[in-house]
Structure formats: structure tokens, C-alpha cells
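Presented below is the structure to which this report refers.
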Amino acid sequence: MSSVADAHGRDADRHHPDLVHHFESLPAQKEAATFGMWVFLVTEVMFFGGLFLAYTIYRNLYFHAFVQSSRHLNLTLGAVNTAVLICSSLTMAMGVHSSALGRRRATVAWLLLTVALGSVFLGIKAVEYKDKFDHHLVPGERFQAEELHLEGEESRPAQIFYALYFAMTGLHATHMVIGIPIILFIAWMAHRGRFSPEYHTPVELTGLYWHFVDIIWIFLFPLLYLIGRHH
Amino acid sequence: MGTELPLFPVPASTMAGRVDALYLFLILVSVFFGVLIATLVVSFAIRFRRRSPDERPRPIHGSTVLELTWTLIPLGIVMVIFLWGAEVFFAMARVPPASMDIYVVGKRWMWKTQHMTGQREINELHVPVGVPVKLTLTSEDVIHSFFVPAFRMKKDVVPGRYVTTWFQATRTGTYHLFCAEYCGTKHSGMIGTVTVMEPAAFQTWLAGGATGTSLAAAGERLFQDLACITCHRADSEGRGPKLEGVFGHPVTLASGERVTADEAYIRESIVNPAARIVAGFQPVMPTYQGLVSEESLMQLVAYIQSLGGPATAGPGAALASPAPAIASPAAAPRSRGQGR
Amino acid sequence: MSEHIVSPGVYVAVFVALMVLTAGTVFAATVDLGMWNTPVALLIAVTKAALVVLFFMHVKYSSRLVALAVGGGILWLLTLIAGVAADYLTRNWVGTPGT
Amino acid sequence: MTTQIGPGESGPPRPPVPPAPAEAPPPRVNYLNVAYGVKSWLLTTDHKRIALLYLAGVTLMFFLGGAFAVLIRLELVTPAGDLVQSETYNKLFTMHGIIMVFFFLIPSIPAVLGNFLIPLMIGARDLAFPRLNLASWYIYMIGAAFTIFVLVSGGVDTGWTFYTPYSTTYSNTHVVAAGLGVFITGFSSILTGLNFIVTIHRMRAPGLTWFRLPLFVWAHYATSLIMVLGTPVIAITLLTVVLERTLHLGIYDPRLGGDPVLFQHLFWFYSHPAVYIMILPAMGVVSEVVACFSRKRIFGYEVVAMSSLAIAVIGFLVWGHHMFISGQSTYAGLVFSFLSFLVAIPSAIKVFNWTSTLYKGSVSYDTPMLYAIGFVGLFTIGGLTGLFLAALGLDVHVTDTYFVVAHFHYIMVGGAIMGYLGGIHFWWPKITGRLYPEMWARVAAVIVFAGFNLTFFPQFILGYLGMPRRYHAYPEEFQVLNVMSSAGASILGLGYLLPMIYLVWSMRYGPRASANPWQAKGLEWQTASPPITENFERQPVVSEEAYAYAPEEEARVV
């Protein structure tokens with residue numbers, strides 16, 4: 001938020017470089033930005049909501065096929081990924097915390113740690129996807145469901161499970177692929193001393209986005225990985 | 001230039017009268033409120049027109065009484081319309097018990113109808129007057145909609161499952177049959193006629209019509225050809241459940257659930273056997289998905305129906321089968337042109 | 001978020017809680033609770049999400065407006081799921097009133 | 001230092017000279033002449049300039065969509081499909097639908113009038129996120145570019161509803177590109193809605209409480225809620241269609257057990273509230289215009305404000321009435337029918353309140369008022385025919401026929417476009433600082449009203465006769481009504497061309513407008529026409545209720 005040369009003689013407190021011309025004060029500007037970010041996150045909730053709805057409906061229509069298909073997902077990798085993402089949420093929270101205290105180097109460190117954990121998550125995801133490709137579990141003509149020991153007919157809804165699996169985890173991964181460069185950019189700005197205890201809104205908003213992406217995975221993990229693990 | 005100018009569709013079914021009555025009631029309500037608003041607006045606009053540029057009318061904030069009146073009165077009227085509409089809708093959904101069965105398959109850009117006695121028609125349907133006709137419809141490719149304006153009847157035809165509706169013609173004649181759900185290039189060509197005939201004339205048409213074997217007979221031949229008989233034996237030693245006297249009766253499933261063995265259940269059990277297995281049997285039946293076309297499915301269902309069990313249709317309307325089973329793609333090529 | 005600075009101790013406590021809940025949900029999945037498996041999994045996920053929203057995302061310390069936005073989002077998602085589920089649940093009610 | 005905008009006292013005492021368009025003082029610096037050149041427009045963050053950018057984009061798309069409408073009406077003059085082939089006809093009504101719905105009706109009033117006026121009406125210097133506002137315009141234009149690419153490279157023939165499995169499996173036209181175009185433009189709508197919500201919550205002038213807000217702002221607040229809560233759902237719906245076509249993620253594929261009705265649920269969850277995105281802003285405009293030209297506070301201000309919110313909320317619960325015969329369960333149909341009747345009540349309340357505002361008012365027949373009265377009339381017919389469609393038994397016969405086409409055109413063309421034109425004329429002096437030619441404008445309004453009714457009223461009769469929607473060829477007996485409709489369409493087309501001409505003319509040659517040519521209340525009329533970039537010389541403070549047209553004897557002359 002580059003500052004705008006204030007053409008109209010305003011009193012001193014409004015001369016902070018980061019205050020844009022149409023806001024009265026910095027706290028008002030921050031509160032508006034935060035509220036705006038939350039409204040954006042509500043749209044993301046509805047965006048993912050469409051897929052969660054499809055998942056809910058088909059899981060009830062084809063429960064047996066979904067259980068068999070879910071059993072083929074790698075539970076350990078999924079659990080590890082959940083832990084990795086929760087760690088990255090912690091490091092992001094610490095990053096926001098240290099930027100609020102103006103500790104420049106600590107902020108950069110925490111943010112880079114978050115990016116590292118995010119990359120680990122994507123790495124594990126790539127491994128899982130490769131495994132699906134190897135076992136011909138990718139929806140399309142080559143989809144084979146023998147390994148899910150689903151007789152003939154039920155292999156079709158299994159293909160819907162994997163369609164939803166790839167759609168939901170793919171959308172989630174895309175959000176992380178967008179998030180990581182943003183965090184790097186924020187870390188670079190923090191490194192150049194761009195933020196201060198009065199003005200570190202971009203770090204906070206990035207933190208909100210990252211925590212939201214973590215929440216989506218918090219729901220994806222049990223819904224996709226944990227049905228049918230009991231015998 | 002079309003010479004005649006019809007302004008109201010012919011009411012040719014039992015439901016047409018009831019739908020038209022609701023339509024006329026709604027027209028009266030609309031005309032009343034439309035005229036009321038129009039006269040109020042025009043008279044206020046004229047009576048209280050601005051007489052001098054600096055005229056300042058007294059502010060009126062509003063009146064709760066008025067607000068309540070034009071909330072509750074419209075609410076009352078719309079509730080009447082709602083209940084009346086719902087009552088007509090449920091009457092349309094409630095298939096009379098002893099109605100004549102006809103199977104309809106929508107396929108891109110034609111309607112294929114099949115009578116129980118084997119007659120098959122394309123874009124045509126001959127029915128006797130005064131007899132309730134139950135339609136069991138499905139589609140082989142996209143969503144179509146079986147629409148006969150004269151009967152005030154329309155039902156979307158969804159691929160992958162059966163839907164049912166019914167009508168009882170009250171007037172002989174030939175009426176339009178339209179496809180009302182957009183389905184591609186010849187959507188406006190997917191039309192035909194429904195011919196309502198006197199019962200006697202209908203019988204002669206039936207006899208004179210295609211002397212094809214009855215639906216059930218064709219189903220029986222298929223039953224042998226596809227070797228269903230090896231498992232589904234009359235003496236219940238077979239690995240599959242005995243089918244005599246099954247149709248229309250409740251069946252207990254392996255999961256303990258009780259389901260009526262209606263057309264939808266039988267069709268699903270042929271196409272997706274493992275979905276709902278009868279208690280006491282193993283899921284060994286192979287799928288016939290893709291081996292059996294929509295028409296032959298209907299013939300098999302008709303045959304099993306003829307193997308005993310109550311008169312033609314089971315009491316409950318065979319509502320859409322629970323799980324959207326799979327309609328055989330038949331010859332629907334996955335047309336993947338250059339545009340994606 | 002606002003001037004309220006959350007102490008790192010709170011963050012670590014929330015972090016530990018999240019890890020424990022993750023382990024808990026994995027364990028709960030391996031136990032056959034009959035029809036209760038899904039509700040339990042969802043309950044744990046909702047608690048974890050609430051922890052993240054309240055503490056990591058500072059909704060606990062933010063203005064009521066933000067909390068309203070969060071509530072609105074959740075309510076709308078449930079409206080979507082409830083409306084569509086209503087159709088699927090009642091699609092197979094055999095017969096219609098009066099048969 | 002803030003000036004007190006109290007009753008009867010607004011800045012320098014107004015000279016009692018009659019409001020003839022006196023020649024305004026030599027042009028001061030305002031948002032239009034403060035900078036020139038392409039960069040000053042394409043990189044502006046001034047909400048007023050962005051509104052004009054949107055005006056250009058939206059007008060272009062309106063005439064593009066209108067061209068398809070003309071071709072459709074020409075084809076339907078004859079029963080046989082003899083003007084274009086059926087593939088082309090299917091592409092015509094699809095492009096007409098997509099362009100008009102997503103690229104004109106949804107953005108028109110919010111992005112043009114809303115963007116320009118909301119900061120002015122609440123006494124703010126700009127929207128909360130000016131750069132996001134500019135980004136939303138670019139996103140809109142990129143979406144429009146996708147759609148024009150689809151247009152030039154062969155079109156799409158799935159209907160604006162993209163129903164599966166036709167759109168995912170059987171159509172071999174540019175469904176992916178069209179879907180992505182709408183997907184991208186959806187984000188422009190989300191950003192606009194987000195911007196309005198934050199601005200209205202956080203940036204109101206001191207003293208401007210919620211119940212002192214103009215009803216235009218209330219209507220846009222309700223619309224923004226729908227934009228923010230609904231648009232993401234159609235974004236994911238279209239994304240799944242694109243994924244199913246490209247990556248075979250067969251979520252709706254019936255051959256895999258997918259259910260096409262699930263697509264319809266997801267599609268209509270957004271697309272019904274979308275019709276309220278189209279009509280609520282027009283209602284806001286009509287409330288402003290009726291109040292100004294009867295020089296009276298809107299009758300039952302709080303009730304009209306609350307009914308906007310009620311429409312937005314209940315509007316999300318009724319989508320199933322598009323699917324009564326689509327295979328949806330009978331009981332779900334019952335619930336959706338009941339809720340659809342509930343959502344009709346707030347609209348009825350608004351109509352009654354507008355009518356009562358005229359009572360004992362001082363009504364003048366300027367063009368905006370003609371459009372507003374036209375809106376009230378046509379929207380009433382549109383709303384009442386909605387009751388026909390909400391009644392379950394009747395919907396079975398009339399859905400997917402021209403009855404539905406007539407119903408939603410009465411709401412969208414009779415309502416939203418009349419409201420849009422009324423709003424454009426009402427705030428034209430404020431936007432351009434020029435007055436339009438009143439006589440021509442009134443002629444155009446009457447032509448639009450007449451042409452509209454001749455076009456769409458016959459379609460009600462056609463609909464009940466059973467003529468299905470989207471038919472390239474139709475039975476002989478429907479021809480007379482179709483010819484009437486096509487005749488009306490040409491009059492309507494003429495009616496829409498007239499404003500295009502005289503408004504552009506007025507930009508150059510129209511007499512200069514004073515700050516408040518209509519003696520209207522509202523903060524946007526307290527600043528210059530056209531306003532300065534910062535909107536207000538001094539931050540206004542509000543201390544009176546909205547539409548405070550105080551009668552002479554009570555005016556406390558300070």
C-alpha cells in the first residue's frame with residue numbers, strides 16, 4: 001500500500017506513509033482490510049463448499065464404493081501431511097506475531113519456515129498423485145479399479161470418488177501453489193523493512209489466507225482418508 | 001402465414017381442467033392487483049402532479065397498519081395458491097393403480113415409445129381415451145423432457161434412471177408432443193404426436209399394428225438368450241433368487257432393508273447387481289451394463305412382471321430408483337469435436 | 001490482529017491441541033463406532049477448525065463484524081448442503097401422500 | 001472543519017433563482033478533466049472513472065447481446081427454421097443468454113451506478129479498496145475477451161444454463177472457453193460485492209447511521225451479500241464442468257453413476273439469487289427516483305430497506321423451483337414452492353410502498369420518473385407471473401415454455417433495464433455535468449415501454465399454448481403471436497438506440513448541469529457536477545434522515 005502524497009493539508013497523525021488517502025486513520029484502514037479479507041475467505045468457503053456438497057451427496061449414494069476407494073489412499077502420508085500443514089500454520093502465526101513486534105529477522109525466518117513446510121506438503125502430495133497414476137486410479141478411459149476389489153459395476157462410482165479426490169485436493173494444492181509465492185513476496189518485503197508494528201497488515205492477511213488453506217485440509221483429511229479404516 | 005390464432009390450449013386430459021382452473025384463478029388475482037397498482041400509480045401521478053417548482057409536500061413516514069395489510073393479505077393469497085398448486089402437483093405424481101403401462105425412451109432427437117403388447121413407435125404414441133396411462137421414461141444420452149401441452153403434462157427425462165408420470169386422455173384427437181428440455185441440434189425437431197383413440201379403434205390399431213411379439217414374450221426370449229435362467233430358476237435351487245411372483249412385492253435385502261421390487265429395482269439389479277442384493281444370496285451376478293440396450297431392459301422387466309405378482313403395476317408408483325443406475329450408453333458416441 | 005498481541009505460549013498450546021486432535025481422529029477412524037464414525041470425525045475436524053479460527057486467525061480478538069462474516073459463511077454452506085440433501089433424502093419416499 | 005449539512009441549510013444559501021440550467025461557472029478541476037490520456041483512464045483508482053470504464057464495457061456487451069436477440073426474433077418470424085441452421089440458432093440463444101446475464105444484467109447497475117455513487121452517497125472519498133476495484137474491471141474485461149473469443153471461433157451451444165450431460169459430454173462447441181469466461185467474470189462480481197460491503201460498513205460519513213442511508217445503498221448492500229455468497233458456487237460449478245470435459249473428472253456423468261440433477265442444484269443455488277442481483281439494484285434506483293420526483297420521503301423507508309435484505313436472504317432458499325419436474329423429489333418441490341411464495345412478499349411490499357410514496361407528493365414527469373413508473377408497472381406483471389411458476393401444479397405445464405421466457409424478460413428487461421436507464425438519466429448530470437435533451441428522452445422512454453410490451457406479452461400466451469423454449473422451428477399455429485413479438489422487438493431495439501445517441505450528444509453539447517438539477521436530497525447532490533476526484537471539498541456530516549424534503553413552513557432558514 002504505497003502512500004499517496006496527501007494533496008490536502010491534513011493534521012500530523014494522518015501523515016503516516018502507509019495511510020492511503022481515503023481512510024481516516026491507520027487502525028480504520030487495517031480493520032477495513034481485515035474485514036475485506038474475511039469476506040474474501042467467506043467466498044472461498046462457498047467455493048470449496050460446492051465440492052464438499054458433491055462429496056457429501058455421492059458418499060451417501062455410493063458408500064461402499066467410496067469406502068473401498070478411500071482405503072487405497074495412503075493413510076500415513078495423509079496424516080503426515082496434516083501434521084506438516086498444522087506446523088506451517090504455527091510458523092505462520094509466529095511470523096505474524098514477530099512482525100507485530102517489529103522483529104524483522106524473526107518474521108522473515110518464520111515465513112521462510114512456513115514456505116518450506118508448505119513445499120514439503122506439496123512434495124508429499126506429488127508422491128501421492130504419482131502413486132495414483134501408477135495404479136491407473138486417475139479418472140478417464142484408463143481407470144482400472146481391480147485393486148480396489150470392486151466387482152464390475154461398482155468401479156464406476158469409484159471413479160467418481162477419485163474425480164472428487166483429485167478435484168478437492170487439486171483445488172487445495174492450487175491454493176497452496178498460489179499462497180507460497182505470496183508468502184515469499186511478503187518475506188522479501190519484511191526483509192527490506194517495509195513493515196512496522198503500526199503497519200504490517202499484508203503479513204496478517206497472508207496469515208489469514210494460509211490458515212484458511214490449513215482449515216480446508218483439516219476437513220479434507222478425515223473426509224477423504226478416514227472413511228472405512230475400521231473393519 | 002399461419003391463419004388460425006389459437007389463444008388457449010385444448011384441455012384433453014383429466015388434469016388439464018384442474019391446471020386451467022388454477023391458471024384462471026391466478027389470472028384473476030394478477031389482473032386485480034395489476035389494475036389496482038396501475039390505477040393507483042396513474043391517479044396519484046395525475047392528482048398530485050407538481051404544480052409549482054418550489055412545492056414542498058408534507059413528509060409522510062409510513063403507517064404500520066398499511067404495511068401489515070399489504071404483507072398479510074398477499075401472504076394469505078399466495079398460501080392459497082401454494083396449497084392449490086401443491087394439491088394439483090401431488091395428483092399428477094399419484095399414478096392411479098390399474099393404469100396402462102407404456103415405456104418411453106428419449107434418445108437424441110427422437111422419442112421411442114413401447115406398449116406392453118410389443119408395439120413400438122417413434123415420435124408417436126397411440127393411447128385409448130378414458131384409460132389412465134402410466135409412462136415410465138428414461139433417456140439414453142442427455143436430459144430431454146416429455147411434454148404434451150394438451151395434457152398439461154411435462155416430465156424431464158434423466159439419463160441413468162427411470163422417472164414416471166401419468167395422464168388420462170379425455171378427448172380423442174391428435175395432439176402435439178414436444179421435447180421441452182434443450183438437448184442439442186435438433187431439439188426443435190424432437191417432436192411428434194399423441195393420438196387419442198376410442199377404445200375400439202385403439203384395439204384394432206393394436207391388433208393391426210406391428211405384429212411384433214409382446215414385450216413380455218420378447219423379454220422371455222432374452223431371459224433365455226442371456227442365460228439368466230441358469231441362476232434364476234423356478235425351483236429356487238438356482239444361485240439367484242426365484243423371480244416368480246416377485247414383481248411388486250417387498251423384498252428383504254442383505255442389509256436388512258425392505259424394498260419393493262418395482263421396475264426401477266429390477267432394472268437396477270440387472271445393470272448394477274451388487275447395489276442391493278437380496279438377503280441370503282452372494283453378489284456373484286455379473287453386470288449386464290452395455291450388453292443390454294434400454295429397450296431390451298424394458299422387455300426383461302416386462303417379462304419378470306409377467307411372471308406373476310399383482311396386476312400390471314404395483315400399488316406404489318415406481319418412483320425414481322434410489323441410486324441413479326446406469327443407462328446403457330447404447331450407440332451414443334462420445335462426440336468430441338474440435339471444440340472443447 | 002487489532003492491537004491485541006497473542007502470546008506465543010497460546011500459539012504453542014493451540015498447536016499441541018491440533019496435533020493431539022489429529023492423532024485422535026486417526027485413531028478414532030480405526031475403531032469401528034458403527035454409524036458414529038463420521039459424526040466423530042466431523043466433530044474433531046470442527047474443533048480443530050474452531051481452534052485455528054479463534055486463535056491463529058484472531059477472531060477471538062477481532063470485531064464482532066468479522067465473527068458475523070465467519071458465521072454467515074458457515075450458515076450459507078450449511079444452507080446449500082441442507083437444501084440439496086433434502087432433495088436426495090426424500091427422493092425415494094415410496095408413493096406420494098394419498099396413495 | 002466540517003460543515004453542518006442540516007435541514008434547510010446546505011452550504012451557501014441557495015439563490016431562489018428557478019433551477020433553469022443556468023450556465024455553471026467556468027469548468028473547475030473535476031474527476032474528468034483532472035487528467036487526460038489513456039494511462040489516466042487505464043490505471044485510475046478513482047471509483048468514478050472505473051464506473052465509466054464499466055459503463056463502456058457494459059454498453060458494448062449490451063449491444064452485442066442485443067444483436068443476438070434481434071437475430072433470434074428474426075428467425076422466429078417464420079415457423080420453419082429458415083434464417084439460420086439449427087446449430088447456429090442454438091449458439092445464438094446461448095450467446096444472447098450468457099452475454100446478457102453475466103456480462104450486462106449482473107454488472108450493469110452495481111458496477112456503473114453503484115461504483116460511481118456509493119462513495120458519494122455515504123460521504124466517502126472512495127471505495128475501501130480502489131485498486132481491487134480497478135482489478136475487478138480488468139477481470140471483467142478478460143472474461144469478456146474469453147466470451148468474444150468463443151464468439152469468433154464458433155460459439156457455444158449449451159444454453160446459458162450449461163446443463164449436463166449435454167455440456168460435459170455431447171456438445172462439441174467451445175464449452176470450456178465459455179465456462180472459463182463466466183468463471184473469470186464471476187470474480188469481478190465478487191470483488192465488487194466485497195468492496196461495497198466493506199465500504200458501506202466502514203466508511204460512512206459521521207452521523208450517517210444505517211437508517212439514514214439512501215435506499216440505493218441499502219439495495220446495493222443486499223446485492224453485495226448475494227454476490228459474495230452466491231458467485232463462488234457457480235464458479236466451482238462451471239469449474240467442475242470444465243474439469244469433466246478436459247480431465248474426465250466425471251462428477252456429473254450418468255454413465256459413472258453421476259447425477260445431472262446435482263449440477264442443476266449447484267447451478268441454480270447461484271443462478272436464482274443472481275436474478276436478485278439483477279433486480280435489487282434497479283429497485284434501489286427506483287426508490288431514489290420516486291422519492292426525488294415526488295419530492296417526498298419513501299413511504300415506509302425502514303420496511304423498504306429491510307425488504308431488500310429479506311429478498312437477499314430468502315432468495316437463497318428457493319432455487320429448487322427451477323427443478324420441479326427435473327427429477328427432484330416431490331417433497332423437496334413442496335418446500336421450494338412454499339419458500340418461493342415467501343420471497344414474493346417483500347417484492348410486493350416494495351411495490352405498494354413506491355405507490356404510496358406518490359400519494360400527496362409533488363410528482364413531476366421527468367424521464368427518470370417515467371422509467372421508474374414503467375418499472376413499477378412491468379415489475380408488477382413480472383412478479384405476479386412469478387406466482388404462476390411457483391405454483392407446483394401450474395409450473396409442470398408452463399416451465400421450459402415461452403411463459404418462463406416472458407416472465408424473466410418482464411423482470412430483467414422490464415425491471416432491471418428500465419431501472420438502469422432510469423438511473424443513468426437521473427444521475428447523468430452528476431456523472432457528466434451535462435443535461436440530456438428532456439423531450440427526446442421522454443420519447444425514448446415511451447417507445448421502450450410500448451416496444452417491450454408488444455414483444456413479451458404475446459409470449460405469455462405462446463407459453464401457455466405450449467410453445468417450448470429454445471425452439472428453432474415451431475408449429476404453424478404459433479406464428480401470429482411470434483410475428484407480433486418480433487415486431488415489438490424491433491420497436492424495443494429502436495427505443496434502446498435513442499438514448500445511446502442523445503446521451504453521447506449531450507456529453508458534448510448538452511447544457512451544463514448545476515450541482516443539484518433535480519433539487520434532490522442525498523450527499524451526492526451536495527457536491528459539484530461532475531464531482532472533484534476527492535468527491536467532497538470538506539468531509540460532510542449528516543444530521544437528518546434520508547429524503548428529508550422538509551415542507552416550506554418547517555424549513556428553518558438559518
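Proteins get letters first, then strands, A, B, ... in listed order; numbering begins at 1 in each. Here the structure is a predicted model, which means the values were calculated and not measured.
Interface remark: D:I373 contributes side-chain atoms only to the contact with chain B (heavy atom separation under 4.5 Å). Neither the backbone nor the side chain of D:T78 comes within contact range of chain B, judged by heavy atoms closer than 4.5 Å. Of the two parts of D:E545, only the side chain, counted from C-beta on, holds a non-hydrogen atom closer than 4.5 Å to a non-hydrogen atom of chain B. Contacts between D:V376 and chain B at a heavy-atom distance below 4.5 Å involve the side chain alone, from C-beta outward. Neither the backbone nor the side chain of B:A38 has a heavy atom closer than 4.5 Å to any heavy atom of chain D. Heavy atoms closer than 4.5 Å to chain B are found nowhere in D:Y89, neither backbone nor side chain. Proximity to chain B (any heavy atom under 4.5 Å) is restricted, for D:I345, to the side chain, taken from C-beta onward. Interface remark: B:M79 contributes side-chain atoms only to the contact with chain D (heavy atom separation under 4.5 Å). Neither the backbone nor the side chain of D:F379 comes within contact range of chain B; no heavy atoms are under 4.5 Å apart.
Ring orientation note: the planes of B:H176 and D:F478 are tilted relative to one another, at an angle of 30° to 60°. Ring-plane geometry between D:Y464 and B:F8 is classed as tilted, the angle between the planes lying from 30 to 60 degrees on a 0 to 90 degree scale.
Checked against a 6.0 Å centroid threshold, the rings of B:H187 and D:Y471 count as neighbours.
Although no hydrogens or angles enter the test, the distance criterion places a donor-acceptor pair under 3.5 Å between the side chain of D:N90 and the main chain of B:G184. With hydrogens and angles ignored, the 3.5 Å screen pairs no side-chain donor or acceptor of B:Y182 with any backbone N or O of D:R469. The closest donor-acceptor contact from the side chain of B:R18 to the backbone of D:G393 lies at 3.5 Å or more, if one exists at all.
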**Message:** Could you walk me through whether D:D400 and B:F147 satisfy the side chain to side chain contact (heavy atoms under 4.5 Å, CB included) test, starting with their C-alpha distance in whole Å, then the side-chain angles of each, then the deciding distance to 0.1 Å, before giving a yes or no?
**Reply:** CA-CA 10 Å; D:D400 276 334; B:F147 177 34; over 6 Å; no
